[in-house]
Chemist: 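The structure that follows is given in the form of C-alpha cells.
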Amino acid sequence: MTLLHIRNLSVDFATASGQFRAVDGVDQDVNESEILAIVGESGSGKSVSMLAVMGLLPWTATVTADELTFDGQDLLTMDPRARRKIVGKDLAMIFQEPMSSLNPCFTVGWQIREALRVHLGMGRRERQARAIELFEQVGIPDPEKRLSAFPHQMSGGMNQRVMIAMAIACKPKLLIADEPTTALDVTIQAQILDLLASLRDETGMGLVLITHDMGVVAETAERVSVQYAGQKIEEQPVVPLFETPHHPYTSALLDALPERATEKRLPTIPGVVPGQFDRPAGCLFSPRCQFANAKCKAEAPRPSSIELGHARCFYPLNSNERAAS
Amino acid sequence: MLNYALSRLLTFIPTFIGVTLISFSFIRALPGDPIQVMAGERGISDERYAELAKQFGYDRPIYVQFWDYLTGVLQGDLGNSFVTKRPVWDEFFALFPATLELSICAMIFAVALGLPAGVIAAVNRGKFFDRALMSTALVGYSMPIFWWALLLIIVFSGNLQWTPVSGRIDLLYYFPDPTGFMIIDSLASGQKGAFTSAMRHLILPTIVLGTIPLAVIARQTRSAMLEVLGEDYIRTARAKGMSPGRINGIHALRNALIPVITVIGLSVGTLLAGAILTETIFSWPGIGKWMVDSIFRRDYPVVQGGLLLIAVMVMIVNLTVDMLYGVINPKIRKR
C-alpha cells in the first residue's frame with residue numbers, strides 16, 4: 001500500500017534576488033516497508049523535498065503540490081496542530097549531523113522520553129522502560145547509564161543511534177533518513193545502514209534514504225529515485241537501475257563509481273548543477289550531457305514511460321535492450 | 001567544580017587589593033578633607049588643624065596610611081565613620097538589606113519582563129512587535145536614570161497619586177526589623193496595611209532601577225534566541241512534532257540562557273551603581289544614599305569601606321554566574 005503519495009511537488013525559496021525553485025514538479029510514491037533511496041548531487045533538492053513533506057522548511061519556502069498525502073491524510077490542507085500529531089510519531093526523520101542535531105543542554109534520555117510523553121502520553125516508569133528498550137534495539141551498550149549522558153559525551157556514531165532511537169520511539173510508519181551516514185566514518189556508516197535495514201525488517205516501516213553515495217544505494221535500497229536540479233529524472237528498482245540506467249545522468253553517475261572504473265582515470269561529469277541564474281531552457285542536464293543536441297537545449301523533456309524508468313530524456317539509454325528482453 | 005571555585009577565589013586577591021587602592025586614592029583626590037568638613041563654614045585655625053591631622057594620622061606619608069588601612073582591612077577592620085563614630089562594617093550591614101531588597105526586586109522585574117520580551121521578539125523577528133520592543137528597549141537603555149525617576153514621580157506620585165514619593169514605608173507603621181527586608185518584616189509584624197504600604201513604596205524605585213537591566217536582558221535574549229533558533233537541534237525538535245511553545249520555551253531558551261546569564265551577572269554591577277542614584281532620588285535608606293552622603297562629608301573610612309564591600313559583592317555575584325554556566329550547559333561543566 002502507498003504510504004506517501006506526492007504529485008507535482010514544487011518548493012520555491014524567496015531569496016534577495018528573486019524566487020529560486022529548489023524542487024520542480026517531483027512525483028514520488030513510497031510504499032509500506034520498502035526502502036526507497038533518493039540520490040542526487042548537492043543542490044538537487046532531495047533533502048528539500050523531504051523536508052517539505054515533514055513541514056520543516058523555513059518560512060521563506062513556498063510548497064505547492066497537486067497531491068501530498070501521508071497514510072491517506074492530506075498534508076497540504078492539514079492545520080499545523082494536527083500535523084504535529086503525525087510528525088514525530090508516524091512520520092519521523094533523522095539528519096546528517098548527529099552531533100549538532102541533539103540538544104546539548106539535555107540528556108539523551110530526556111530527549112527520547114520527551115517524544116514518548118508528548119506523543120504517547122506514557123507514564124514516567126513506562127517511558128524509562130521504553131527508552132531502555134529502544135537503546136537496546138539500536139545497539140547502544142549499557143543503556144541505563146547512557147540514557148543519562150549528554151550528547152557531547154558520546155561519539156558521532158552513538159549519537160546517530162540515539163537519533164534513530166528517538167525517531168523510531170513512537171513506532172513510525174515511515175522514517176526519512178537524510179544522509180544519515182555522511183558525517184560518520186566508513187565502518188560506522190555500514191553499522192548504521194545495517195541497523196536501519198534491520199529495523200525496517202523488524203517493524204515493517206517504510207524507509208526513505210536520502211544519499212549521494214551510490215555505494216549506500218546499492219547496499220541498502222530496493223527502489224531508487226534519481227534527482228537532478230530539483231527534478232526527478234529517473235526511478236527504477238535498484239538492480240535494473242545499476243544494470244540498465246535510462247537517463248544519461250544516471251549512467252554518468254554510475255560510470256563515476258570507483259568500483260566500475262575501467263580506466264586508470266575515473267570518469268567525471270563535467271560542470272556543476274545549474275543554480276538560480278544559469279538554469280537551462282530545455283533539459284536541465286543538457287549543458288553537461290554528452291548526448292545533448294539542439295532539441296535537448298531548447299525543449300524540456302517530459303518523464304517517459306515506466307518501462308524506461310520515467311526518465312526525463314528525449315533519448316533514453318538502453319531502450320532497445322529493455323524492449324528486447 | 002570545587003577546584004574551579006577555589007582557583008577563582010584566588011584571583012579575587014589582586015582584584016581586592018586593586019579595589020582597595022583605587023577607593024583609597026579616589027576619595028583623597030577630591031578637594032577638601034574630613035577635618036575641613038567637620039570644621040564647617042567657620043573654618044579652623046592652622047594649629048588646631050595640625051593637631052587633628054596628627055590625631056587622625058593624616059600627617060604621615062600617604063603610603064604609610066595606605067599600609068595601615070590595608071592591614072586593617074585584611075584583619076576585618078574597615079575603620080569607624082568620622083561622622084557617626086560607628087564601625088563601617090556595622091553601618092554597611094544595617095543599610096545593606098534595604099539596597100538588597102530593592103536590587104532583588106529590580107532584578108526580578110528586569111528578568112521577568114526581559115526574558116519573555118526577548119523570546120517573543122526573536123520568534124516574531126522583523127515583525128511589528130519585534131521592532132517596537134527593540135526600539136523601546138533602546139530608549140530604556142539610553143535614558144538617564146534620574147530623569148526617568150523624576151518623570152515617573154511626576155506622573156504616578158504627583159498627578160495620579162498612586163504611589164508614594166519616597167521612603168520605604170509610611171511613617172504610620174513601626175515594627176522590629178529582624179531581617180532588614182521591609183517586605184518580610186512588615187508581613188511578620190502582622191500590622192494591617194503595613195505590607196501593602198511597603199510594596200507600594202517599592203514599585204517606582206524598582207521600575208527605575210530595573211529599566212536598564214530590563215533593556216539589556218531583552219536585547220541579549222533576543223539575539224541569543226535568534227542564534228539558537230537556527231541550530232540543527234531546533235529542527236530535530238520540530239521533526240519530533242513538538243509545539244512551537246515548547247521549542248521556543250524549553251529547547252531554545254535553555255541554550256540561549258548562557259549569554260543572558262552573563263549579562264544578568266554583569267547587570268548586578270550596573271544595578272549597584274544605579275542604586276546610588278535611585279536611592280538618593282527616592283530617599284531610600286540603603287548603601288547608595290549612605291555612600292553619597294559620605295562622599296559629601298569626606299568620610300574617608302565609609303567611602304573606602306563601602307566601595308570595597310560593593311566590589312566584593314559584584315565579584316561574588318560574577319563567581320556565582322560562572323558556576324551557573326555549568327548548571328545550565330553541561331558541556332562547560334565537563335571542562
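Just so you know, these numbers use all the heavy atoms, side chains as well, and skip hydrogens, waters and symmetry mates. Naming convention: chains lettered A, B, ... in sequence-line order (proteins, then strands); numbering from 1 in each chain.
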Chemist: Is it the case that the side chain of B:Thr236 and the backbone of A:Ser101 share a donor-acceptor pair, with hydrogens and angles ignored and the cut-off at 3.5 Å?
Modeler: yes
Chemist: So how far is it from B:Arg238 CZ to A:Met54 CE, rounded to the nearest 0.5 Å?
Modeler: 10.0 Å
Chemist: Can you name the closest pair of heavy atoms from A:Phe106 and B:His251 and give their distance?
Modeler: CE1-CA, 4.3 Å
Chemist: Return the minimal non-hydrogen interatomic distance between B:Met242 and A:Ala115, and the atom names on each side.
Modeler: CE-CA, 3.9 Å
Chemist: At what distance, to the nearest 0.5 angstrom, does SG of A:Cys170 lie from NZ of B:Lys240?
Modeler: 9.5 Å
Chemist: Surrounding CE of B:Met199 (heavy atoms of other residues, nucleotides or ligands, distance under 6.0 Å), is the total greater than 12?
Modeler: no
Chemist: Measuring heavy-atom distances to chain B, does A:Met99 have an atom under 4.5 Å in its side chain, in its backbone, in both, or in neither?
Modeler: neither
Chemist: What do you reckon, is OH of B:Tyr141 surrounded by more than 12 foreign heavy atoms closer than 6.0 Å?
Modeler: no
Chemist: Testing the basics here: between B:Arg254 and A:Cys105, what is the closest heavy-atom pair and its distance to 0.1 Å?
Modeler: CG-CB, 3.5 Å
Chemist: Under 4.5 Å heavy-atom distance to chain A, tell me which part of B:Ile250 shows up: side chain, backbone, both or neither.
Modeler: both
Chemist: Does atom CD of A:Glu133 have more than 12 heavy-atom neighbours from other groups under 6.0 Å away?
Modeler: yes
Chemist: At their closest point, which heavy atom of B:Asn255 faces which heavy atom of A:Pro104, and how far apart are they?
Modeler: OD1-CG, 3.3 Å
Chemist: Is A:Leu102 in contact with chain B via its backbone, its side chain, both, or neither, using a 4.5 Å heavy-atom distance?
Modeler: backbone
Chemist: Please report the closest heavy-atom contact between A:Arg84 and B:Pro244, naming both atoms and the distance.
Modeler: NH1-CD, 3.3 Å
Chemist: I'd like to check A:Val118 versus B:Arg246 (side-chain heavy atoms, cut-off strictly below 4.5 Å). Are they in contact?
Modeler: yes
Chemist: Counting heavy-atom pairs under 4.5 Å with chain B, which one of A:Glu114, A:Gln111, A:Met163, A:His119 comes out on top?
Modeler: A:Glu114
Chemist: Answer with side chain, backbone, both or neither: which region of A:Trp59 has an atom nearer than 4.5 Å to a non-hydrogen atom of chain B?
Modeler: neither
Chemist: Check the surroundings of atom CD in A:Gln73: do more than 12 heavy atoms from other residues, nucleotides or ligands lie under 6.0 Å from it?
Modeler: yes
